[in-house]
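Reviewing the structure listed below.
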Amino acid sequence: MDDRLNITMKPVIDILEERISLAMAQVTGLGPQPALVKPATDAKFGDYQANGVMAAAKKLKTNPRALAEKLVRQLELDDICMPPEIAGPGFINLRLKTDFLAGNLLEINADTAHLGISRTEKPKTIVVDFSCPNIAKQMHVGHLRSTIIGDSICKMLNFQGHNVIRQNHIGDWGTQFGMLIAYLKQTSPEIIEDPDSIHIADLEQFYKNAKARCDANEDFAALSRQEVVDLHEGSKETLNVWRHIVDESRKHYQPVYDVLEVNLHQDNERGESFYADRLAGIVDELKEKSIATESDGAICVFPKGFTNKEGEPLPFIIQKTDGAFLYATTDLAAIKFRITELNADKIIYVTDARQKLHFDMLFATAKLAGWVGENVELVHVTFGTVLGEDNRPLKTRSGENVKLKELLEEAVVRARAVVEGKNSELPDAEKEQIAKAVGIGAVKYADYSNNRTSDYVFSFDKMLAMEGNTAPYMQYAYARVKSIERKAAKKDVDVESELAGINDLNLTEPAELDLAKHLIRYGEIIESALADCRPNYLTQYLYELAQKFSGFYNACPVLAADKATRPTRLLLCDLTARTIRHGLSELLGIKVVRQM
RNA sequence: GCGCCCGUAGCUCAGUUGGAUAGAGCAACGGAUUUCUAAUCCGUAGGUCGCACGUUCGAGUCGUGCCGGGCGUGCCA
């Protein structure tokens with residue numbers, strides 16, 4: 001790969017930023033100054049705009065327009081842009097050259113796997129902690145966001161070339177296991193002889209039954225507590241039953257991951273049990289370092305800057321009065337493990353916003369302990385709550401958590417009805433496949449397209465709508481592009497041969513240029529989506545892409561175009577389809593369909 | 001009480017270290033169909049960006065105060 005190609009494979013916005021920043025350093029004498037290149041706020045200002053001159057002029061106490069003029073004389077952008085224009089108080093407006101655009105499209109076209117997007121120059125080891133079901137219970141709607149947002153972050157990081165370590169910090173070691181083991185021993189003693197015979201048909205019911213017996217019967221409660229002790233002390237028999245409960249539980253949640261197209265498997269699990277024998281050591285270490293102290297019988301860390309109701313230091317409790325450890329302790333063990341043994345450069349935790357205080361204190365404590373090197377980054381990616389139509393957290397009518405499995409099943413049933421009503425000609429098996437892709441995709445897409453930090457109201461009707469920024473709209477847009485390919489054969493157009501060895505484009509129509517300019521921004525959008533862990537930037541981009549494609553589709557006939565323009569238009573179709581497919585399927589885990 | 005998040009069009013929401021006349025979708029209204037899937041597109045209308053000060057050449061974005069909502073706040077996770 002020659003240098004030239006390498007450079008142009010960076011997002012245009014980054015190339016412009018670099019070059020203009022460099023020129024600004026020369027012109028201002030202040031060293032590198034951010035050029036603040038952004039997409040133009042209005043098409044009439046061009047394609048990109050650099051806003052940095054005004055800030056630099058302020059520093060220099062000089063006239064921004066004069067500085068802009070000086071800068072523009074220094075700029076060498078003529079391989080990319082038309083001559084820059086100065087506007088308003090000192091904006092520099094940039095308009096891409098059609099040749100540059102065409103060259104960029106051809107590069108994207110040539111790079112089948114990566115769509116012309118460069119990998120990071122500095123790959124990092126990044127641990128992403130997400131999903132984290134309590135495996136004694138079924139996954140419910142509360143696990144949806146962490147699971148899919150976390151997965152998408154991993155997918156984007158992988159795509160950029162980072163070393164991603166997915167960690168499913170499952171709840172597999174709580175006191176509830178004593179109860180479950182005791183219940184199993186009482187109701188199915190044969191399990192003890194032959195643990196492989198264990199079969200929990202309904203995880204939720206199993207948990208409820210055990211809980212009910214525990215609440216009703218003091219002897220059983222005592223037995224449960226004893227099982228916890230046995231478990232923690234490593235009793236062989238108890239551990240064996242525990243392991244089988246864990247394995248059996250996995251059979252309930254793994255299919256949910258599979259249906260969601262989420263890349264989580266057993267080898268991503270490092271649950272609470274993994275850290276169990278490290279907890280005492282963590283507490284000892286913090287006590288030795290005088291970071292943790294005893295307070296009201298509990299062992300606590302008091303990181304600076306956290307206060308309680310009375311304005312007194314707020315404790316981060318790592319060991320209870322009764323000697324038991326808490327999730328704070330487990331999280332500390334995990335953070336240490338990830339930094340020192342997994343060699344994480346960055347750890348991303350994807351949990352709901354209510355845990356913010358916990359993570360702030362966790363990070364502060366880990367830093368006090370000296371585990372967090374200078375170049376290690378700790379990030380808490382929060383998200384809002386999924387609400388019901390009543391604006392309260394989504395529950396069933398009887399007030400229980402909505403099971404994720406059931407929610408997804410209903411989505412597919414509803415999607416099936418939509419497919420059925422609209423395209424009853426299709427074979428049954430295909431309808432079912434489409435319904436799955438649309439139903440599951442709708443739930444995921446609705447979540448991704450919302451601002452991560454906001455709560456949102458869950459509505460099947462809205463997420464399954466064909467209009468607006470929804471999965472069905474996106475999937476339909478894809479199907480429509482694909483149908484052009486299908487129709488091509490009937491019209492004696494050989495798409496493959498027209499695209500083979502294409503090396504010259506004929507971009508003239510406004511709709512073509514508009515679509516082309518959007519297509520080359522894909523890499524830029526992935527960067528910004530990742531910088532803030534905001535998948536909605538990506539969905540927004542894809543939606544705009546679909547809209548621009550529709551504009552092009554209406555304005556520019558493809559198959560009926562003349563010989564001079566048809567290959568260009570076929571390429572635009574192909575790149576649109578590949579970008580939508582990549583964004584939905586590779587980065588968001590949403591299936592595309594060839595027909596709807 | 002204190003801390004964190006939020007308040008943008010009738011509704012649901014975008015708005016990326018402060019940038020030009022604040023954007024979409026839904027709903028409403030008006031247009032486009034001898035088609036490559038109209039499940040589409042184009043257009044119109046709709047806003048004191050909760051309120052008030054302040055910083056700035058420039059504020060939805062930053063600061064302070066207030067109003068309204070959500071969440072959290074010592075042995076659950």
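Chain A is the first sequence line, chain B the second, and so forth, proteins listed ahead of strands; every chain is numbered from 1.
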key: Distance-only side-chain donor-acceptor flag, Thr453(A) / Asn451(A), under 3.5 Å   = yes

key: Phosphate contact (rC71(B) OP1 or OP2) by Arg392(A) side-chain N/O below 4.0 Å   = yes

message = Checking contacts here: which listed nucleotide (rC57(B), rU40(B), rA77(B)) is nearest the side-chain heavy atoms of Lys58(A)?
response = rC57(B)

remark   = Among rA14(B), rG70(B), rU73(B), the one nearest any side-chain atom of Asn536(A) is rA14(B)

request  = Check whether the aromatic ring of Phe91(A) stacks on the base of rG19(B), taking stacking as ring centres less than 5.5 Å apart and planes within 30° of each other.
outcome  = no

key: Residue-phosphate contact under 4.0 Å: Arg534(A) side-chain N/O, rA14(B) OP1/OP2   = no

inquiry  = Among rG25(B), rA20(B), rC76(B), which nucleotide has an atom closest to any side-chain atom of Lys320(A)?
reply    = rC76(B)

task = Decide yes or no, distance alone: a donor-acceptor N/O pair under 3.5 angstrom between the base of rA77(B) and the side-chain of Tyr327(A).
result = yes

task = For Ala555(A), report the nucleic acid contact type (base, sugar-phosphate, nothing); a contact means any heavy atom under 4.0 Å.
result = nothing

query = Which whole-number value in Å describes the distance from Lys356(A) NZ to rC71(B) P?
reply = 17 Å

ask   = Over how many whole Å does the gap from Ile434(A) atom CD1 to rA39(B) atom C1' extend?
value = 13 Å

ask   = In whole Å, what separates the C1' atom of rC71(B) from that of rA77(B)?
value = 16 Å

query = Given that both distances must come in under 3.5 Å, which nucleotide forms a Watson-Crick or G-U wobble pair with rA9(B)?
reply = none

task = Taking atom C1' in both rA22(B) and rC13(B), compute the distance separating them and give it to the nearest angstrom.
result = 14 Å

request  = Quick one: label Pro64(A) by what it contacts on the DNA or RNA (base, sugar-phosphate, nothing), any heavy atom closer than 4.0 Å.
outcome  = nothing

query = If you look at every strand shown and take non-hydrogen atoms under 4.0 Å, does Glu272(A) touch a base, only sugar-phosphate, or nothing?
reply = sugar-phosphate

query = Mapping Asn423(A) and Lys462(A) to their closest nucleotides on RNA chain B, which lands nearer the 5' end?
reply = Lys462(A)

message = Is the ring pair His143(A)/His140(A) parallel, tilted or perpendicular, if the boundaries are 30 and 60 degrees?
response = tilted

key: Spacing between Met463(A) atom CE and rC26(B) atom P, to the nearest angstrom   = 17 Å

message = If I take atom CG in residue Asn469(A) and atom C1' in nucleotide rG15(B), what distance separates them, rounded to the nearest angstrom?
response = 14 Å

rC57(B) and rG69(B), which share atom name C1', separated by this distance in whole Å = 36 Å

ask   = What's the CD-C1' distance between Gln49(A) and rU16(B), to the nearest Å?
value = 13 Å

request  = Tell me what Cys533(A) touches on the nucleic acid: a base, only sugar-phosphate, or nothing, going by heavy atoms under 4.0 Å.
outcome  = nothing

Base rA20(B) paired with Asn93(A) side chain (donor-acceptor, <3.5 Å) = yes

task = Give a yes/no answer on whether the side chain of Gln547(A) brings an N or O atom under 4.0 Å of OP1 or OP2 in rG25(B).
result = yes

Candidates rG25(B), rG19(B), rA38(B) - which lies nearest the side chain of Glu467(A) = rG25(B)

ask   = Using atom C1' of each nucleotide, how far apart are rG18(B) and rC4(B) to the nearest Å?
value = 23 Å

message = I want to verify a distance call: between rG72(B), rG15(B), rU40(B), whose nearest atom is closest to the Leu357(A) side chain?
response = rG72(B)

task = Using Watson-Crick or G-U wobble geometry with both distances below 3.5 Å, tell me the partner of rC29(B), or none.
result = rG43(B)

request  = Could you tell me the separation between the CG atom of Asn168(A) and the C1' atom of rA77(B), rounded to a whole number of Å?
outcome  = 15 Å

query = Distance between the C1' atoms of rG60(B) and rA14(B), in whole angstroms?
reply = 12 Å

request  = Side chain of Ile317(A) only, please: which of rG74(B), rU40(B), rA77(B) is the nearest?
outcome  = rG74(B)

ask   = With a 6.0 Å cut-off on ring centres, are Tyr473(A) and Tyr476(A) close enough?
value = no

request  = Could you check which nucleotide pairs with rA38(B) in any of the strands shown, counting Watson-Crick or G-U wobble with both distances under 3.5 Å?
outcome  = none

inquiry  = Tell me if the aromatic rings of Tyr327(A) and His358(A) count as close, with their centers under 6.0 Å from one another.
reply    = yes

Nucleotide of rC2(B), rU16(B), rC13(B) approaching Ser528(A) most closely (side-chain heavy atoms) = rU16(B)

ask   = So, does the side chain of Lys38(A) form a donor-acceptor pair with the base of rG18(B) at under 3.5 Å?
value = no

request  = If rA22(B) has a Watson-Crick or G-U wobble mate with both distances under 3.5 Å, name it; if not, just say none.
outcome  = none

query = So what does Cys300(A) touch, heavy atoms closer than 4.0 Å: a base, only the sugar-phosphate, or nothing?
reply = base

ask   = Are Arg569(A) and Glu512(A) close enough, and set up right, to give a salt bridge (Lys or Arg N to Asp or Glu O under 4.0 Å), and what steps lead you there?
value = CA-CA 8 Å; Arg569(A) 290 183 181 176; Glu512(A) 294 171 334; 2.7 Å; yes

task = Take atom C1' in rC62(B) and the same atom in rC42(B), then report the distance between them in whole Å.
result = 40 Å

task = May I have the distance from Tyr473(A) (atom OH) to rA24(B) (atom P), rounded to whole angstrom?
result = 13 Å

task = Name the closest nucleotide to the Thr307(A) side chain, picking from rA14(B), rU56(B), rC2(B).
result = rC2(B)

message = Can you tell me which nucleotide in rC13(B), rU40(B), rA20(B) comes closest to the side chain of Thr41(A)?
response = rA20(B)

request  = Name the pairing partner of rG74(B), where a pair is Watson-Crick or G-U wobble with both distances under 3.5 Å, or state none.
outcome  = none

Check against salt bridge (Lys or Arg N to Asp or Glu O under 4.0 Å), Glu294(A) and Lys287(A) = CA-CA 9 Å; Glu294(A) 190 257 310; Lys287(A) 283 201 286 202; over 6 Å; no

key: Complementary nucleotide of rC66(B), counting Watson-Crick and G-U pairs under 3.5 Å   = rG50(B)

ask   = At their closest point, which heavy atom of Ser273(A) faces which heavy atom of Trp173(A), and how far apart are they?
value = CB-CE3, 3.3 Å

query = Which base, if any, makes a Watson-Crick or G-U wobble pair with rU16(B), both distances under 3.5 Å?
reply = none

message = Can you tell me if Ser295(A) touches the phosphate of rC75(B), counting only side-chain N or O atoms and a distance under 4.0 Å to OP1 or OP2?
response = no

message = Just N and O in the side chain of Asn308(A): are any of them under 4.0 Å from OP1 or OP2 of rG3(B)?
response = no

message = Please determine whether a side-chain nitrogen of the Lys or Arg among Asp390(A) and Arg392(A) lies less than 4.0 Å from a carboxylate oxygen of the Asp or Glu.
response = no

request  = Would you kindly give the CG-to-C1' distance between Leu387(A) and rC13(B), to the nearest whole Å?
outcome  = 14 Å

ask   = Just wondering, do Phe45(A) and rA20(B) stack (centres under 5.5 Å, planes under 30°)?
value = yes

ask   = Taking the side chain of Asn451(A) as heavy atoms from C-beta outward, which of rA14(B), rG72(B), rG18(B) is closest to it?
value = rA14(B)

query = Could one point to a donor on the side chain of Lys44(A) or the base of rU21(B) with an acceptor on the other under 3.5 Å away?
reply = yes

Pi-cation contact, Tyr275(A) with Arg278(A) (under 6.0 Å, within 45°) = no

task = Classify the nucleic acid contact of Ala353(A) as base, sugar-phosphate or nothing, counting any heavy atom under 4.0 Å across all strands shown.
result = nothing

request  = Nearest-nucleotide wise, let me know which of Ser449(A) and Val37(A) is further upstream toward the 5' end of RNA chain B.
outcome  = Ser449(A)

